[in-house]
Protein chains: 2
Amino acid sequence: MTDFNSDLFKTIIPEGRGNTSEEVVSQLREMIHRGELHPGDRLPPERDLAKLLGVSRPTLRAGIRSLSAVGILQSRQGAGTFVVQSEGPPQLDSSPLRLMASLHGFTSAEMFEARQSLEMAIAGLAAERATGDQMASMAEEVTGMFASLDEPEQFLVHDMRFHQTVAAASGNRILTALMNMVATILFDARRKTVKHATDLKESAEMHRKIYRAIREHSPEAARLTMRDHLMLAQRAQEAEGIDYSDAADVAGNGDGADANPAT
Amino acid sequence: MTDFNSDLFKTIIPEGRGNTSEEVVSQLREMIHRGELHPGDRLPPERDLAKLLGVSRPTLRAGIRSLSAVGILQSRQGAGTFVVQSEGPPQLDSSPLRLMASLHGFTSAEMFEARQSLEMAIAGLAAERATGDQMASMAEEVTGMFASLDEPEQFLVHDMRFHQTVAAASGNRILTALMNMVATILFDARRKTVKHATDLKESAEMHRKIYRAIREHSPEAARLTMRDHLMLAQRAQEAEGIDYSDAADVAGNGDGADANPAT
DNA sequence: AGTTAAAGATTGGTCAGACCTTTGTCCGGC
DNA sequence: GCCGGACAAAGGTCTGACCAATCTTTAACT
């Protein structure tokens with residue numbers, strides 16, 4: 001069913017203007033816009049596709065590279081190039097934001113505040129829309145937190161999943177993606193100092209309050225509770241030295257896992 | 001000015017594992033993290049840099065390409081490769097979001113809602129923090145709107161600048177960047193149907209209300225007024241056929257629209 | 001002398017062809 | 001029937017070259 005008739009990939013018109021590789025990007029982008037490429041689809045081999053588009057392979061590769069960088073495509077040596085298919089909610093790459101943070105010296109307070117604003121909005125929406133299943137998932141994660149008060153690593157997993165679930169319940173995938181962008185950076189930073197368990201009990205308690213507010217369908221309560229929770233989390237995390245700087249893996253080829261400070 | 005002693009660009013260790021070009025990306029990213037590269041800086045020529053990093057030119061180009069795609073670097077033929085320097089607030093490329101919208105079929109309602117949430121948060125913060133200068137800029141834009149009720153194109157410019165100014169007044173560059181990401185897509189869509197002026201008067205009136213709430217330092221009022229404004233805007237825009245699809249320019253050094261004429 | 005226009009050097013953009021590494025599949029041996 | 005090796009497919013990298021846009025320098029002209 002993956003018959004790529006050469007109809008789909010039309011030869012790139014000369015169009016003298018602009019970079020040829022940008023044309024490739026546009027071409028591929030438009031195919032996505034037109035709905036000719038779906039998540040999970042595999043593109044034709046580079047050599048073939050280059051011929052179809054009428055460009056050289058390096059140029060085509062440059063275009064593919066651009067789309068890979070923004071998380072739309074993904075290449076696997078020996079296998080092929082695929083349209084990214086994220087199982088969960090759509091993901092936006094957080095590395096641009098991370099780079100921007102370094103480049104412009106964003107303060108950690110700014111990042112926390114951004115997350116707070118996003119999560120408050122999300123919590124409010126979730127309180128209006130959460131389904132029974134979603135609320136059950138939240139309850140489960142809260143339970144998981146209480147069950148892992150002595151295992152910070154495990155606790156963090158439940159923490160993240162809880163927020164994920166709330167985001168899903170908000171029904172807005174865009175806000176979810178944006179929130180993840182910011183939260184990922186903060187979680188990465190936290191993972192490094194997670195060993196010192198700081199008030200996990202209280203944190204779990206706050207998550208339960210959030211859950212309850214959502215269950216009661218009280219948007220305002222959910223917002224305020226979420227705000228308090230994140231303010232507390234911020235204070236806890238800032239008490240330790242944070243630095244949301246480097247993070248080797250982005251696309252998830254979790255190879256190294258060598259988070260040790262070799263410096 | 002920036003003498004690039006070969007000390008900065010250390011040769012990439014063999015590290016057999018993983019893509020070589022990803023190593024280049026990491027190398028450059030770390031240099032940014034470490035603060036060795038600043039906005040506006042120019043990188044060494046590709047040929048030299050490739051030699052310094054110990055990779056071939058195509059590989060280096062692949063790495064540069066990745067960083068260009070996420071808006072960190074920018075290459076100009078004949079001139080060089082530069083670290084992007086946006087005069088205004090830092091910008092995040094909106095094309096990933098746009099692509100994701102096409103790929104997963106985001107509804108326009110979802111996008112409006114995301115923008116609404118972001119702008120409400122921003123308006124609230126702005127009401128707490130706006131300086132006199134910033135409020136003056138807002139007033140100016142509102143005046144501009146009333147002055148261009150018969151020129152939809154011009155009205156739109158003031159509209160955008162007003163929101164920009166409010167975002168700047170929020171003091172949170174991350175929220176600002178995220179909001180721009182979403183708003184850009186909606187504005188692009190609107191630009192296409194801007195000819196039919198729909199209730200510009202009422203829109204201007206609402207902007208003035210927002211301005212007043214901010215001037216009075218009433219976060220809640222600002223939030224609510226912003227919410228009403230955007231709900232109205234959504235309804236107006238949805239009355240016409242929208243499609244937030246294509247948009248040629250992406251990395252275009254979107255100069256225009258600096259919202260601080262008199263600093 | 002100052003200004004402008006042309007020539008040269010610099011630098012990113014593209015292309016061609018080749019080879020390597022990884023992945024996936026198929027077939028034969030156990 | 002299961003497993004492992006061989007072969008093919010596909011992306012990753014490299015060398016080397018040439019083109020096109022840009023910047024710089026120089027020289028001619030006013």
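So you know, we letter chains A, B, ... as the sequences are listed, proteins then strands, and number each from 1.
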Look at the side chain of [X] and the backbone N and O of [Y], then say whether any donor-acceptor pair between them is shorter than 3.5 Å.
X       : Y       : answer
D41(A)  : H38(A)  : yes
S148(B) : E151(B) : no
S94(B)  : I185(B) : no

Would you say [X] reaches [N]'s phosphate, i.e. side-chain N/O to OP1/OP2 under 4.0 Å?
X      : N       : result
S75(A) : dA10(D) : no
S21(A) : dT14(C) : yes
T81(B) : dG12(C) : yes
T20(B) : dG12(D) : no

Quick test: give all pairs of protein nitrogen or oxygen and nucleotides 3-6 of chain D nitrogen or oxygen below 3.5 Å, distance rounded to 0.1 Å.
none

Item to complete: Mind listing the closest non-hydrogen atom pair of D159(A) and R190(A) along with its distance?
Response: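 D159(A) and R190(A) have their closest heavy atoms at OD2-NH1, 3.0 Å.
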
Discussion item. If you compare all heavy atoms of E46(A) against all heavy atoms of R57(A), which two are closest, and at what distance to 0.1 Å?
Written reply: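 The pair with the smallest heavy-atom distance is OE1-NE, 3.0 Å.
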
Discussion item. What I want to check is whether the side chains of T81(A) and S75(A) have a donor and an acceptor closer together than 3.5 Å.
Written reply: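 Present: a donor and an acceptor within the cut-off.
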
Fill in: Side-chain H-bond candidate by donor/acceptor type, D93(A) with S95(A), under 3.5 Å
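Short answer, yes.
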
Rounded to whole Å, how long is the line connecting atom [atom1] of [X] with atom [atom2] of [N]?
X      : N       : atom1 : atom2 : value
L73(A) : dG11(D) : CG    : P     : 11 Å
Q77(B) : dT14(C) : CD    : P     : 8 Å
R61(B) : dC15(C) : CZ    : P     : 11 Å

Worksheet item: Is R65(A) paired with E22(B) through a side-chain N to carboxylate O contact shorter than 4.0 Å?
Response: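 Counted as a salt bridge, because a side-chain N and a carboxylate O are separated by less than 4.0 Å.
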
Is there any protein nitrogen or oxygen under 3.5 Å from a nitrogen or oxygen in nucleotides 15-17 of chain D, and what are the pairs?
unit_1: dA17(D); atom_1: N6; unit_2: R57(B); atom_2: NH1; d: 3.4

Worksheet item: What distance separates N180(B) CG from R115(B) CZ, expressed to the nearest 0.5 Å?
Response: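 The CZ atom of R115(B) is 9.5 Å from CG of N180(B), to the nearest 0.5 Å.
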
Practice prompt. When you get a sec, tell me which of dG12(D), dG24(C), dT14(C) is the closest nucleotide to the side chain of R76(A)?
Written response: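 Looking only at side-chain atoms, R76(A) lies closest to dG24(C).
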
